[in-house]
Amino acid sequence: MNCKYSFVLLLIVLLPSLVVGECTCEKDDDSGDKSLAQKYKVAALVSILIAGAIGVNIPVLGRHFSILRPDNDFFFMVKAFAAGVILSTGFIHVLPDAFDKLTSPCLNDHPWGDFPFTGFVAMVSAIGTLMIDSIATAYFNKSHSSNEKEEKVVDLPVHTHASNGHAHGSTASSASTQLLRHRVISQVLELGIVVHSVIIGISLGASESPETIRPLIAALTFHQFFEGMGLGGCISQAKFKTKAVIVMALFFSLTTPVGIAIGMGITNAYDENSQTALIVEGIMNAASAGILIYMSLVDLLAADFMNPRFQQSSKLQLGANLCLLLGAGCMSLLAKWA
């Protein structure tokens with residue numbers, strides 16, 4: 001987990017310096033009121049911070065409210081809605097933006113020519129996420145199996161009811177494996193979310209157009225709230241220790257506001273049309289899209305929708321599918337303003 005946070009902190013620190021470079025295209029004509037834009041930025045920072053904090057903490061606090069516990073049907077539907085939001089974020093918001101950046105006419109000289117580099121980065125990112133997901137799970141499973149064997153050797157002299165003991169061990173092993181999967185999922189998902197959140201925050205904070213910022217406030221507040229619910233659901237199922245939960249929730253909640261603050265600080269030097277800015281933002285967005293699409297389809301939706309309990313309940317299937325479509329639809333409609 002420390003490596004993940006170190007990477008994102010490094011991204012937050014280095015990205016502004018990378019995108020402050022010489023211009024290859026002229027800046028857009030900005031006739032907006034800078035003081036009004038500044039007020040909108042502060043409003044966006046506060047609104048997104050509060051929405052993210054509430055969203056990620058609702059599922060985490062579910063242990064105190066029965067309706068929000070992971071074993072409740074309502075939780076399935078909320079998580080399906082949030083997964084739809086995350087899926088739409090990857091396909092409708094982040095990936096098209098990456099295509100725009102990496103095929104911009106401002107990029108006069110780039111090595112990939114006509115090669116669909118954006119799709120390639122997203123594909124490699126999704127494959128890399130699969131590999132990390134698989135390797136991490138296999139590693140934890142092997143570690144757990146080794147510990148389990150040691151415990152069996154120690155308990156052998158007093159282990160008289162072999163069949164009962166085997167059943168108990170099998171159940172415990174299955175539960176432990178599932179818990180490890182949830183922990184891997186929650187950490188990889190957070191990584192994908194915070195990468196594009198940094199870029200979104202810096203872009204919004206560096207903008208000086210009230211007409212651009214105003215619609216983004218509502219769109220990103222909605223976006224952050226339901227992304228937080230999806231991530232919070234994974235964190236809740238992972239059953240981390242309290243300290244780890246607080247760190248992950250804070251990290252998610254603060255990433256976009258910190259990005260906005262950085263963007264506000266570099267407004268005069270930042271040029272979103274510089275070649276360096278376009279390439280860095282395009283690659284980061286493409287990688288983030290690959291992570292989000294993989295995580296939403298494989299680890300959030302497939303894991304729940306193939307669950308035996310889900311498969312046996314027609315009402316739960318109908319409710320979750322409707323919530324999935326609603327979440328994806330609502331986030332897709334926001335592409336008009338975001």
Side-chain angles (χ1 to χ4, degrees), residues 48 51-52 54-56 58-59 68 70 72-100 118-119 121-123 125-126 129-130 133 182 185-186 188-197 199-200 215-237 252 256 285-307 310-311 313-338:
I48 291 171
I54 293 174
V56 76
I58 286 176
L68 291 173
N72 192 288
D73 288 352
F74 181 74
F75 182 85
F76 266 86
M77 289 186 279
V78 169
K79 195 176 173 187
F81 182 91
V85 169
I86 294 171
L87 183 62
S88 179
T89 297
F91 272 120
I92 307 299
H93 293 258
V94 185
L95 192 58
D97 190 54
F99 272 106
D100 289 342
T118 308
V121 172
M123 178 188 71
S125 174
T129 305
L130 169 64
D133 202 356
H182 286 309
I185 289 168
S186 61
V188 176
L189 178 61
E190 181 161 19
L191 177 62
I193 289 173
V194 298
V195 166
H196 85 267
S197 293
I199 296 170
I200 288 172
L216 281 175
I217 296 176
L220 292 180
T221 298
F222 175 91
H223 171 276
Q224 198 77 352
F225 177 79
F226 285 104
E227 264 197 348
M229 289 196 72
L231 177 61
C234 292
I235 294 174
S236 176
Q237 289 179 307
F252 167 79
T256 303
N285 275 333
S288 178
I291 294 173
L292 294 178
I293 291 168
Y294 169 85
M295 296 300 297
S296 57
L297 287 174
V298 178
D299 285 333
L300 296 181
L301 293 172
D304 283 347
F305 279 45
M306 298 303 169
N307 188 305
F310 181 89
Q311 295 282 316
S313 173
S314 299
K315 290 183 179 179
L316 185 56
Q317 288 182 41
L318 177 62
N321 279 299
L322 288 175
C323 287
L324 169 61
L325 294 172
L326 185 62
C330 289
M331 199 62 206
S332 297
L333 288 174
L334 285 175
K336 181 179 179 181
W337 298 282

*Donor-acceptor contact below 3.5 Å, side chain Thr129 vs main chain Ser125*: yes
*Is there a side-chain contact between Phe225 and Ile58 (heavy atoms, below 4.5 Å)?*
yes
_Residues forming a ring-ring contact (aromatic ring centres under 6.0 Å, His included) with Phe305, sequence neighbours excluded_ = Phe310
*Would Ser197 and Gln224 satisfy side chain to side chain contact (heavy atoms under 4.5 Å, CB included), going step by step from the backbone distance to the final call?*
CA-CA 9 Å; Ser197 293; Gln224 198 77 352; 4.3 Å; yes
*Is there a side chain to side chain contact (heavy atoms under 4.5 Å, CB included) between Ile200 and Leu220 once you walk through the steps?*
CA-CA 9 Å; Ile200 288 172; Leu220 292 180; 3.5 Å; yes
*Looking at side-chain heavy atoms only, is the closest gap between Tyr294 and Val188 below 4.5 Å?*
no
*Side-chain contact test, heavy atoms from C-beta onward, threshold under 4.5 Å: evaluate it for Thr89 versus His196 and give yes or no.*
yes
*asked:* With rounding to the nearest 0.5 angstrom, report the CD1 to CD1 distance, Ile235 to Ile185.
replied: 12.5 Å
*Roughly how far, to the nearest 0.5 Å, is CE of Met295 from CD1 of Ile86?*
8.5 Å
_Atom pair CG (Leu191) and OG (Ser186), whose distance is rounded to the nearest 0.5 Å_ = 11.5 Å
_Point-to-point distance, once rounded to the nearest 0.5 Å, from CG of Asp100 to CG of Leu95_ = 10.0 Å
_Applying ring-ring contact (aromatic ring centres under 6.0 Å, His included), can you list everything that pairs with Phe81, at least two apart in sequence or on another chain?_
Phe226
Listing, residues 321-331 side-chain donor-acceptor contacts under 3.5 Å, not counting sequence neighbours, or none:
residue	atom	partner	partner atom	Å
Asn321	ND2	Gln317	O	2.7

*Could I get the full list of side chain to side chain donor-acceptor pair (under 3.5 Å) partners for Ser88, not counting sequence neighbours?*
Ser332
*Which salt bridge (Lys or Arg N to Asp or Glu O under 4.0 Å) pairs, counting each pair once, include a residue from residues 290-300, with sequence neighbours left out?*
Arg181-Asp299
_Under the rule for side-chain contact (heavy atoms from CB on, under 4.5 Å), what residues qualify as partners of Ala98, not counting sequence neighbours?_
Thr118, Asn285, Ala286
_For Leu87 against Ser296, the heavy-atom pair lying closest together_ = CD1-OG, 3.2 Å
*asked:* Quick check for you: to the nearest 0.5 Å, what is the distance between Ser313 atom OG and Phe76 atom CZ?
replied: 9.5 Å
*asked:* How close do Gly192 and Leu292 get, counting heavy atoms only, and between which atoms?
replied: C-CD2, 3.9 Å
_Minimum heavy-atom separation for Phe252 and Glu227, please, with both atom names._
CZ-C, 4.1 Å
*Do Ile193 and Leu231 come within less than 4.5 Å of each other through their side chains, counting heavy atoms only?*
yes
*Please report the closest heavy-atom contact between Leu189 and Cys234, naming both atoms and the distance.*
CD2-SG, 3.9 Å
*With rounding to the nearest 0.5 Å, note down the distance linking NE2 in His93 to NE2 in His223.*
6.5 Å
